[in-house]
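Scroll down for the structure; my scribbles are underneath it.
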Amino acid sequence: MEYQLLLLFCFYSVATMFVLQSQLTGFSYARQHLCARDEAFYLLQFKQGLTVDPAHASWCDTKAPSKTLSWNVTRDCCEWDGVTCDEFTGHVIGLDLSCNFLRGTINANSSLEKLVHLQSLNLAFNDMDDFPLGNGISELASLMHLNLSASGTYELEMIPPGISNLSKLVSLDLSYCELQIGLNTFRSLLQNLTNLEVLSFLFMETPFELPKNMSSSLRYLDLRQTNLFGDLSDSNLFHLPNLEVLRLGENLELTGILPNFNWSFSASILELDFSGTRIFGNVPDSIGNLHSIMFLSLSHCYLSGSIPKFIGNLTRIRTLHLPNNNFNGNVPSTISKLNKLTDLDLSFNHFQGSIPESIGNLTRISRLDLSNNNFSGNIPSTISELNKLSYLDLSFNNFEGQIPDIFADFSEVSYLYFSTNNFTGSFPYSIVTLTRLRKLYLQNNSLTGPLPSNISGLQELETLDLSFNSFTGAPPPWLFYLPSLTDLQVQDNQLTGKLPHVLKSHNFETFSSMNLKLLKLSNNKLYGEIPDWMTSMNVVVLDLSHNFLTGFEKQVWRSTDLFYLNLENNFLQGSLHQSICDMINLQALILSHNNFSGTIPGCLGNSSSFISVLDLRMNNFYGEIPRFLPTGLKYLGLTGNQFGGLIPRSLVNCTSLAALDLGYNKINDTFPIWLEKLPYLQVLILKSNLFHGPIGELKSQFPFPELRIFDLSFNGFTGTLPSNLFKNFTAMMKVDDEKTGISEKNNSNHIDYSYHVSLVIKGNQFEMRITSIMTSIDLSSNGFEGDLPKSIGRLSSLVLLNISHNNFNGCIPAEIAKLNELEALDLSRNRLTGEIPGLLTSLTFLEVLNLSYNHLVGRIPHGKQFDTFSNDSYGGNPDLCGFPLSKECGYENTSDEPPFEQDDDDDDDSIFAGGFTWEAVVIGYGCGAIFGLFMGILMFLLEKPKWIVNFAEDTALKIAQEIAVKKRRRRKKRHQKH
């Protein structure tokens, strides 16, 4: 009783003091307060020094009210949000203002430092300008827990030394502060804070070395992404006896090996993260001693060898991550003992062999990733026991056999990846019953048979990729009306039949429910018309190329989102509808190899057009090229049509143009010398038109700086070559191994569009995909005359040079020997004189040579590549001698053959009679993006075209036979005369 009275007296005294002091300061308290009056005052003063700004609260729920809104004098401060008091003394011992949208600076003279009884301070997820209290934080001598996570960006040495004086500090969290802490400060922390059990730094910017000695009291150590460096082997980390959580991930300069002894924290460790470090070597057997561990991540390291069988001792583990290492061998069967495992990731290693049957014991697993390894064999039937899976990835392995049709009971599965294996058999029908499936990847296998005609699930499916298989039959309508489907890829299969014209199902009335953004059905056997709904839906990428489609139900384009349209290699006909100009976001229009006719709609050149790729090759378009074209064009392909007239000079406004292909038309113009101003032009093809007249002198200071493919063949150009022509082809003067040809890639939207070249020899065209760098000049079959400029020797990266069927004279420039990358050289059917320069034998990559039908004299050089060329390379030069000709040198020519005369009408015996012509036929096809198509640098190089040599050999045999016949005829005539 006396104790109770004494206690009441104390409370009364305290309350009286509060009332008296509040009257002195203007504050009035409605009732007795547990909170010390002065501490309430300090808190209110602290509040006034900061602002509340929800706009700077990206980490937090901005709808939650600020905790300081409840701070007012009418309530006991111990009842204020975020404030904790000692229930006996009334002192403020805890302050939690995390996610309170606070902005400003807590100065060293702030009232906060007067809360000397404070044991816990949490200012996480605010926006402080400076480290709170600076060095004055040492005044909070009772502080045990300090959390400043994501509370600001603190500069170098802004972490005050006074923090080391907080000797009672048990936990310190400075994560997500983008710290630039000094090494001395960090060492001081570890040496002085001997009671520290929890230490968390994250996103530190200044590199610092991992301390060799750490406090033995540490239970929780988080130093992820702190720029740690050093050798783990030199630290006492593995000797800390009480450690429960150790996180050192994402420190790229942290190295060392995992020691093979019983680690001191083996009995206590719960979480161990070394991911994204440079630790190397094998995983030691001692890993099996971590009996308490629940989370182990060794991902993205440099570990190798096999997984020790002792991994099976980690029977409490829930998460095991070992991806992106160099592990090999088989997965140990002991892994089946980890029956509490929910997440297993072994991806991106070199594991081999089959999946053990015992994997069926992992019945709690929800995420299993074995992708990008060398696993083989069939998928074990026991995988049917893993019906709690939500994520299964077996892609990029060598699995074979059928995909087990066991998914009817997998009610939780959301992600299934089986792509790029050797699976055979039919589509697993049980998959279409899954109601939560979001992504299904079956591409790059050998699956066959028809797709299911009906489904009962897949209502949440977003991505379906069945490409590069051998599925047959008509595409079932459900492919197109799945309500959540945004990405559908069924290209490169054997699908036949017509596309559905009306989409209806038991759940969805019409196509208006469709959400498709990417639709790829290319390289199938679809025929008939393109239905109206396909030209009306708001798809971003539409690829129906390489089919047998013949027309449109209604060629009215209503889509405003379409970004990439590829209809090439079909049988589409008729003219282009004006509505194609209404697709305001269209950037790639690819209609090549069809039967389209009419003129190009002039509206395509509207100033609002974003088209950068316009490919209309191999159609029946006619008329003049539109006067105005989209100024953002990077590729214009019009080859193989009936265009006439002039090249529109407005093309000079297309300053991003990289490839211009106008071959095989009826364009009647002079050389468009004004194109020299285009800074990025790399491919210029004018072949097989009605161009005429001389090229003219180049006038720009740096003309054609990026040109790599220059083809003027089969026209009526005349005159001498400009003296400065080759001097300015700077892009052909260097070899850039980093560039791999013309291609259009945008991974985020599935565009991988490769470009092609076409080689025409005697009317036969060979089209092939570009694989690497190619540079070429083809001036063949024109009326050029005069000397071949010596400046051509500057073009050190040139691969093909063809000037055949012209009237060039003079000697072969010895400077050609400087073309170290040259693979094909055709100088035939000209009036060249003199000897063949012996320096040409240094062209070690030369595989095709044609010097026939000129006026060359003397001995044929021999050695290296020249020893591989046959007679047809030199025919029609009666004064040449030596190997491989039968005529030996040192003797007068006794042949009765008449001297060579140029005859342009003669169907000559040269293997290059039709010209050796490269044609950049740009724009393959791929998948597309909603943002930005960026053209790669347009350079080509074919890998050792051996087929050219084979072709040359076959043609040479025919030539040799023809020559023999002619010789027999001449001998017969001489015999008759005698």
Side-chain angles (χ1 to χ4, degrees), residues 568-569 572-576 589-602 604-605 611 613-630 633-652 654 657-675 678 681-693 695 707 709-718 755-761 763-767 776-783 802 805 914-915 917-923 938:
E568 71 176 339
N569 277 281
L572 302 173
Q573 53 191 334
S575 58
L576 292 182
L589 177 60
I590 305 165
L591 305 177
S592 64
H593 293 82
N594 277 286
N595 295 317
F596 285 111
S597 58
T599 59
I600 301 177
L604 280 179
I611 293 179
V613 174
L614 181 59
D615 185 359
L616 306 180
R617 295 172 297 122
M618 309 308 293
N619 279 283
N620 294 310
F621 290 109
Y622 56 80
E624 293 190 355
I625 300 172
R627 183 178 177 184
F628 297 104
L629 288 167
L633 272 179
K634 296 179 180 177
Y635 168 76
L636 177 61
L638 302 180
T639 191
N641 283 281
Q642 302 296 320
F643 290 111
L646 308 178
I647 300 177
R649 291 186 69 93
S650 58
L651 274 175
V652 76
C654 302
L657 192 66
L660 178 61
D661 184 357
L662 304 179
Y664 297 102
N665 279 284
K666 299 178 180 179
I667 300 171
N668 192 341
D669 200 351
T670 57
F671 181 77
I673 200 166
W674 39 270
L675 289 175
L678 296 179
L681 189 65
Q682 299 181 42
V683 175
L684 177 59
I685 299 176
L686 305 178
K687 69 183 305 178
S688 296
N689 275 283
L690 302 175
F691 287 99
H692 54 273
I695 291 180
L707 197 62
I709 305 292
F710 186 48
D711 191 343
L712 305 183
S713 61
F714 291 91
N715 277 288
F717 289 113
T718 58
Y755 297 78
H756 297 74
V757 289
S758 179
L759 174 64
V760 178
I761 301 178
N764 297 315
Q765 179 168 302
F766 301 88
E767 188 167 315
S776 69
I777 294 177
D778 192 342
L779 307 178
S780 63
S781 299
N782 280 284
N802 187 356
H805 291 77
T917 308
W918 292 93
E919 176 186 1
V921 186
V922 242
I923 306 301
L938 294 92

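Residue numbers run from 1 in the order of the sequence given.
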What is the minimum heavy-atom distance between I647 and P672, and which atoms define it? CD1-CG, 3.8 Å

How far apart are the closest heavy atoms of L690 and N715, and which atoms are they? N-OD1, 3.4 Å

For F596 and L591, what are the C-alpha separation, side-chain angles and deciding distance, and is it a side chain to side chain contact (heavy atoms under 4.5 Å, CB included)? CA-CA 8 Å; F596 285 111; L591 305 177; 3.9 Å; yes

Where L629 and C654 come nearest, the two heavy atoms and their spacing: O-SG, 4.5 Å

Can you check whether I600 reaches F643 side chain to side chain, under 4.5 Å on heavy atoms? yes

How close do F714 and N782 get, heavy atom to heavy atom, and via which atoms? N-ND2, 3.9 Å

Report yes if the side chains of L684 and L707 come closer than 4.5 Å at any heavy-atom pair, otherwise no. yes

Take T599 and F621 through the test side chain to side chain contact (heavy atoms under 4.5 Å, CB included) and record every step on the way to the result. CA-CA 6 Å; T599 59; F621 290 109; over 6 Å; no

Can you check whether H593's main-chain N or O pairs, donor with acceptor, with N569's side chain at less than 3.5 Å? no

Going through the checks in order, is the side chain to side chain contact (heavy atoms under 4.5 Å, CB included) test met by D669 and L686? CA-CA 10 Å; D669 200 351; L686 305 178; over 6 Å; no

Shortest non-hydrogen contact from P626 toward P648: O-CG, 3.4 Å

Do L636 and L651 pass the side chain to side chain contact (heavy atoms under 4.5 Å, CB included) test, and can you show the C-alpha distance, the side-chain angles, and the key distance before you say yes or no? CA-CA 10 Å; L636 177 61; L651 274 175; 4.1 Å; yes

Within the distance-only criterion (no hydrogens, no angle test), does the side chain of N595 pair as donor or acceptor with the backbone N or O of S597 below 3.5 angstrom? no

Grab the two heavy atoms, one from G645 and one from I667, that are nearest each other, plus how far apart they are. O-CG2, 3.3 Å

Hey, is the main chain of K666 close enough, under 3.5 Å, to the side chain of N689 for a donor-acceptor pair? yes

Can you tell me if F671 has over 12 outside heavy atoms packed within less than 6.0 Å of its CZ? yes

